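For clarity, every value in this text was computed on a predicted model and none was experimentally measured.
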Amino acid sequence: QSKEYKAVKDLVDEIEQNYDTIISPRLLDDAFFYRAQANFYLNNLREAEKDIKKTLRLMDVQQKDPALVERLLFYSKLKERQKDYRKSLEIKNQVLVLKDSFDEVEMRQNVLDIEKKYQTEKKEKENLQLKQDGFKKDLIISENRNNLLLIIVGFVLLLTFVIFYYLYN
């Protein structure tokens, strides 16, 4: 396992020197984070701290990135292993604030999604009701037309009967 960590560390060293041509700065913070983890497990705590600080500086621009929580938790774990409990606690408190912020954003998004679904369902029900009302009106109009036609046919038959009655009497 130590060989794997060393390989990760060496690969990221190479990437760091040539990152402009190999990797975008957005992905560079991931590379530094993985090297920090490798150094941590190799017990190179100073190197791990340098890399996690680089990662956090790069991520500082994108404060809303949920991966920031993972990086900060790792940094807290690193500070704890270095027996800097005060700094570890500060970082964990920062993580709690960030998690609350992310949870709030996620919850708001869920509420907006549910509201959108509700509004869509409401509109669909309204449209269905309007269609049903339209069908009912068409049915009533059709029944009224049929009744009027029956009355006219009845009147014409009665008139014809009356005319024939007077003609033959």
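Here the shortest heavy-atom pairing between T55 and F32 reads OG1-CB, 3.1 Å. When all heavy atoms of A48 and A36 are compared, the pair lying nearest together is CB-O, 3.4 Å. Counting all heavy atoms, side chain and backbone alike, L42 lies closest to S2 at CD2-OG, 3.4 Å.
Distance check, rounded to the nearest 0.5 Å: NZ of K6 to CG of N39 gives 9.5 Å. The structure places CD1 of I52 at 12.5 Å from CG of L45, a figure rounded to the nearest 0.5 Å. Distance check: K79 NZ to Y85 OH gives 12.0 Å after rounding to the nearest 0.5 Å. Rounding to the nearest 0.5 angstrom, the gap separating the OH atom in Y75 from the NZ atom in K92 is 14.0 Å. Here CG of D51 is found 10.0 Å from CG of L78. Values are rounded to the nearest 0.5 Å. Distance check: F161 CZ to Y166 OH gives 11.0 Å after rounding to the nearest 0.5 Å.
For the residue pair Q119 / E115, a side-chain donor-acceptor distance below 3.5 Å is found, with atom types taken as modelled.
Checked against K125 for a side-chain contact (heavy atoms from CB on, under 4.5 Å), the options K123, K122, E121, Q129 give a single hit: E121. The one candidate from L56, D84, L72, L73 that meets the side-chain contact (heavy atoms from CB on, under 4.5 Å) condition with I91 is L72. For the pairing with R35, the side-chain contact (heavy atoms from CB on, under 4.5 Å) check across E47, K50, K54 returns one residue only, K54.
In this structure a side-chain-to-backbone donor-acceptor pair under 3.5 Å is missing from S142 to D138.
The cluster map of Ile, Leu, Val, Met, Phe, Trp and Tyr, joined by side-chain heavy atoms under 4.5 Å apart, puts L148 and V156 in the same cluster. In terms of hydrophobic clustering, with Ile, Leu, Val, Met, Phe, Trp and Tyr side chains grouped at heavy-atom distances under 4.5 Å, Y165 and L157 are assigned to different clusters.
With respect to K87 and E80, no salt bridge is recorded, no charged nitrogen being found less than 4.0 Å from a carboxylate O. With salt bridges taken as basic N to acidic carboxylate O contacts below 4.0 Å, one links E90 and R86. At a threshold of 4.0 Å, the pair D133-K137 does not count as salt-bridged, since none of the basic side-chain nitrogens sits closer than that to a carboxylate oxygen. With salt bridges taken as basic N to acidic carboxylate O contacts below 4.0 Å, one links D13 and K9.
Between F33 and F74, the angle of the ring planes goes over 60°, which puts this pair in the perpendicular group of the 30/60° scheme.
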* Asked: Going through the distances and angles, do Q37 and Y5 end up as a side chain to side chain contact (heavy atoms under 4.5 Å, CB included)?
  -> CA-CA 8 Å; Q37 288 179 316; Y5 290 130; over 6 Å; no
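Looking only at side-chain heavy atoms (C-beta outward), N43 and R81 come within less than 4.5 Å of each other. Counting heavy atoms from C-beta outward, E143 and L139 have side chains that approach closer than 4.5 Å. Counting only heavy atoms from C-beta outward, the side chains of S76 and V95 never approach each other to under 4.5 Å.
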